[in-house]
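Below: the structure, in C-alpha cells.
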Amino acid sequence: MKKNLSLFLALLFSLMTVVSCGESTENADTKDTVEVTGVENTASEEEVSDHPHWDAVAKPDLGGLAINIESTIHEINFHNKLDLEELTGERLDDAIYNRNRFVESQLNCVIKDNPATWNPGSVLETAVVAGTGEMDLAYGLIEQAGSLITKGYLKNYNELPNIDMTKPYWDQGAIENLTILDKMYFGLLDFGFDHYESMTVLFYNGALINQYQLEDPYELWANGEWVIDKFTSMVTAVSSDENGDGVYELGTDVIGLAGREYWFQPMLFASDMSLVSWDKDNSTFRLNMNDEKFLTVAEKISQLYAPGNADHVNYSDYDLGRTAFSEGKALFYSRLMGDYRHLRGVEDDYGVIGFPRYDYSSEDSYCFVQNPGTFFLPVDVGDDNRDGQDDYPEIGSFLEAIAAYTHDYTLTEYTDSAVIGKGLRDQNSVKVFRELIQHRNFDLQHAFTFTGVPEAFSTAMKKGEGFASMAQRISKSFDSASKSILESIEQD
C-alpha cells in the first residue's frame, strides 16, 4: 500500500511539474529559450529536452533516508526558505514545496529542514563536537565558515564521489574563486536562492534621471561607458537643499546616493579588483591593497566619498535610505537584489543597474555577492541508513538531484515570477539582472574571515588616502591569519 501511494505521488508530481512548465521558459543561467508543447516527460532524439540536467542526474533509491538540515530562520526581507510545511498560494513558495515533495518521491528520501536559528554554523559546531552525526547540512551565512574551517569541522565537497561541481547548478563563480588547494567548503548551488538575493545592485530613480536630464544608466551600461567618473557626476548633479536650511538631511533633501556601502567593495569587484585574492602559482592568499592598479581604482572610488561630497552621499541609515529612495529623495539606492521586496510601493519608475567600473581595459567585471547563505557539510554525518559507511554518497546524490531539478524548473520561477515579475519594472533592468547573475563573485576575506581587512580598507576609503600605509599596518595580522587557514586546509 505504501509503495503504491509513493508511485501515485510520483506520477502526480510529475504531471504537476510538466503542466506548470507548459509555457515558453528561459533558463536564467544559460539563456537557452525552449518551448514545451505537451505534457509528456519525454523527447525524441531530434528534440532538445527543456530539463536536461534533471534528465541526466542520477536518482538512486535512498531507502527513506532523512536529509537533516539546520537552516537560518525565515527572513521576510529575502527568500531564504528551503522548504515549507504546506502550500501557501505564493508561486515561488509553492514551487519550492512541490519541488521538494517531487524529489523526495523520486529519491525515496525525506527533507527535514529546521529553520530555527540565526547561526546554523554554531549548531553544526555543537553537533560535530558531540559526535552525534545528526546533522547532514547547515545552511548559514558564508561569514560563519572561517572558524569552522580553522577548527576542521567542515567537509570538503570535492571528497564526495558522486557530485559534479562543473555543472551549471553549482555556482561557477564560487567554484573558481573559493576553491583553495583544490578544496571547496562552500555549497553554493541551486537549492537555496540567497546567493542570487545577495547580489549588490544599484536601484535608480527614473523620475530624477528625467528631471535633471541625466544620461540613461542602462545606455551607459550597454555602450560600455558605465564608469565611476560618470556615476560620480550623476550622484553630485542632483543634490538639492529642499528646505534651504543649509544642511543636507537624508529623507528630507534630495541626495545622489543612499543605502549601504558594503565595505566599498562592489565597485572594486566591478573593476576586476578585490581586497584578498588566491595566488594559485604560489599557493597563498594575497592582500592586494599595495598593488598599483588596486590603489588607482581605490583612490578613484574614494573621491565619491570624500568629505567634500558629504552633501551627495549618505550611508548613515540604511533603512532611512530606502525610505528616501522610495519617496524620490535619492537618485541611487545601493542595496542587495532581494531588497526589491521593499520597493513595490514606489510611485516613481525605477531601474536596476550593476555598479560602475574604473574603465573597460579589463574584460572581466563581477557582481559582488555580499555574505550569501551557503550549505556547510559537517565532518560527521553518521550512518542513518546503516550501510556501514557515512552518508556522504547519499547526501551528494540528494544535492545533485535537487540542484538539477531547481536549475531546470524552480530557478525560472524564482527569476521570472519573483525577481522579474515583482521587482523589475522594465526590460532593460531584466537584461542587467540576467547578465549580473552570470558574473557573480565572492569575497575571500569574508569567506575565510580575515579580520580587520575590510575595516582597514573602509577607514582608508573614508579618508581618501593612506591605502598603502594601512595595508602595511595590517599585513602582519593578515599573514598570520593566512598561515592558520592554510594549515587547517592542508591538515583536512
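- Looking only at atom types and distance, the side chain of His79 has a donor-acceptor partner in the side chain of Asp93 under 3.5 Å away.
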>> Please evaluate residues Glu261 and Lys462 with respect to the criterion salt bridge (Lys or Arg N to Asp or Glu O under 4.0 Å), reporting the C-alpha separation (whole Å), side-chain torsions for both, the decisive distance (0.1 Å), and the verdict.
In response: CA-CA 11 Å; Glu261 80 283 4; Lys462 292 173 182 177; 5.3 Å; no

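- Between the side chain of Ser417 and the backbone N or O of Tyr414 there is no donor-acceptor pair closer than 3.5 Å.
- Here the OG atom belonging to Ser277 is positioned 4.0 Å from the CG atom belonging to Asn288, to the nearest 0.5 angstrom.
- Side-chain atoms of Thr410 do not come within 3.5 Å of backbone N or O of Ile96 as any donor-acceptor pair.
- No donor-acceptor contact under 3.5 angstrom links the side chains of His74 and Asn80, judged on distance only.
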>> Pair Phe368, Phe264 - check ring-ring contact (aromatic ring centres under 6.0 Å, His included), show working.
In response: CA-CA 10 Å; Phe368 174 68; Phe264 305 102; over 10 Å; no

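- A donor-acceptor pair under 3.5 Å links the side-chain atoms of Ser469 to the main chain of Gly466, judged by distance alone.
- Remark: Arg99 fails to qualify as a cation-pi partner of Tyr405 under the 6.0 Å distance and 45° angle criteria applied to the six-membered ring.
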> After noting the C-alpha distance and the side-chain angles of Phe191 and Phe398, does the key distance pass the ring-ring contact (aromatic ring centres under 6.0 Å, His included) rule?
Replying inline: CA-CA 10 Å; Phe191 180 8; Phe398 166 76; 5.7 Å; yes

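- Remark: Asn158 CG to Tyr185 OH distance equals 9.5 Å, nearest 0.5 Å.
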>> As a quick check of understanding, evaluate side chain to side chain donor-acceptor pair (under 3.5 Å) for Asp479 and Ser482, giving each step before the final call.
In response: CA-CA 5 Å; Asp479 291 341; Ser482 299; 5.2 Å; no

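- Aromatic rings from Phe355 and Phe231 are positioned such that their centres are separated by 6.0 Å or more.
- Between the side chain of Lys422 and the backbone N or O of Arg341 there is no donor-acceptor pair closer than 3.5 Å.
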> Hey, mind stepping through Val432 and Trp221 against side chain to side chain contact (heavy atoms under 4.5 Å, CB included) and telling me if it holds?
Replying inline: CA-CA 9 Å; Val432 169; Trp221 169 284; 4.1 Å; yes

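- In this structure, CE in Met165 is found 10.0 Å from CG in Leu399, a value given to the nearest 0.5 Å.
- One distance of note links CD of Glu197 with CG of Asp339; it measures 10.0 Å at 0.5 Å rounding.
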>> Between Asp291 and Arg286, is the salt bridge (Lys or Arg N to Asp or Glu O under 4.0 Å) condition met? List the steps.
In response: CA-CA 10 Å; Asp291 291 357; Arg286 294 189 72 252; 3.3 Å; yes

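- With respect to the salt-bridge test (charged N to carboxylate O, under 4.0 angstrom), the residues Arg335 and Asp319 qualify.
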>> The test is salt bridge (Lys or Arg N to Asp or Glu O under 4.0 Å); show your working for Lys230 and Glu225 and say whether it passes.
In response: CA-CA 8 Å; Lys230 286 277 189 181; Glu225 300 173 353; 5.1 Å; no

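- Of the possible donor and acceptor atoms, none in the side chain of Ser477 sits under 3.5 Å from a partner among the backbone N and O of Gly452.
- Using modelled atom types and a 3.5 Å distance limit, the side chains of Glu90 and Thr88 yield no donor-acceptor pair.
- Under 4.0 Å is where a charged nitrogen must lie from a carboxylate oxygen, and between Lys300 and Asp359 no such pair does.
- The backbone N or O of Ser122 lies less than 3.5 Å from a partner atom in the side chain of Thr126, making a donor-acceptor pair.
- Of the possible donor and acceptor atoms, one in the side chain of Asp408 sits under 3.5 Å from a partner among the backbone N and O of Trp54.
- Considering CZ of Phe376 and CZ of Phe186, their distance stands at 6.5 Å, rounded to 0.5 Å.
- Looking only at atom types and distance, the side chain of Asn119 has no donor-acceptor partner in the side chain of Thr117 under 3.5 Å away.
- Asp272 and Ser362 form a side-chain donor-acceptor contact under 3.5 Å, judged by distance and modelled atom types alone.
- A donor-acceptor pair is defined here as one N or O able to donate and one able to accept, closer than 3.5 Å; no such pair exists between the side chain of Ser458 and the backbone of Pro454.
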> Could you walk me through whether Leu202 and Val352 pass the side chain to side chain contact (heavy atoms under 4.5 Å, CB included) check?
Replying inline: CA-CA 6 Å; Leu202 289 167; Val352 174; over 6 Å; no

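- Listed for the Ser302 side chain is no donor-acceptor partner under 3.5 Å among the backbone atoms of Met461.
- Closest approach of Ile209 to Leu331, counting heavy atoms only: CD1-CD1, 3.8 Å.
- Because its NZ or CZ atom is both nearer than 6.0 Å to the ring centre of Tyr97 and within 45° of the ring axis, Arg101 counts as a cation-pi partner of that residue.
- Looking at Asn177 and Tyr366, their side chains never bring a donor and an acceptor atom within 3.5 Å of each other.
- Atoms CG and CZ, from Leu343 and Arg425 in turn, are 7.5 Å apart once rounded to the nearest 0.5 Å.
- In Gln303, the CD atom is crowded: over 12 heavy atoms of neighbouring residues, nucleotides or ligands sit closer than 6.0 Å.
- Here the closest non-hydrogen pair linking Tyr139 and Pro120 is O-CG, 3.2 Å.
- Defined by atom type and a distance below 3.5 Å, a donor-acceptor pair is missing between the side-chain atoms of Asp279 and Thr284.
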>> Evaluate Asp416 against Arg434 for salt bridge (Lys or Arg N to Asp or Glu O under 4.0 Å), listing each step before the verdict.
In response: CA-CA 11 Å; Asp416 291 4; Arg434 292 199 182 281; 3.0 Å; yes

>> Could you go through Trp170 and Tyr157, starting from their C-alpha distance and side-chain angles, then the distance that decides it, and tell me whether this counts as ring-ring contact (aromatic ring centres under 6.0 Å, His included)?
In response: CA-CA 11 Å; Trp170 291 88; Tyr157 277 95; 5.8 Å; yes

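- Side chain to side chain, His312 and Thr236 fail the donor-acceptor criterion of an N or O pair below 3.5 Å.
- A side-chain donor from one of Asp190 and Tyr196 sits under 3.5 Å from a side-chain acceptor of the other.
- Defined by atom type and a distance below 3.5 Å, a donor-acceptor pair is missing between the side-chain atoms of Thr232 and Asp229.
- Proximity of a side-chain donor or acceptor of Asp241 to a complementary backbone N or O of Gly246 within less than 3.5 Å is detected.
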> Does the pair Tyr204 and Phe325 meet the rule for a ring-ring contact (aromatic ring centres under 6.0 Å, His included), with working shown?
Replying inline: CA-CA 8 Å; Tyr204 62 92; Phe325 178 79; 8.7 Å; no

>> Test side chain to side chain contact (heavy atoms under 4.5 Å, CB included) on Phe375 and Leu188; report intermediate values, then the result.
In response: CA-CA 6 Å; Phe375 288 94; Leu188 288 149; over 6 Å; no

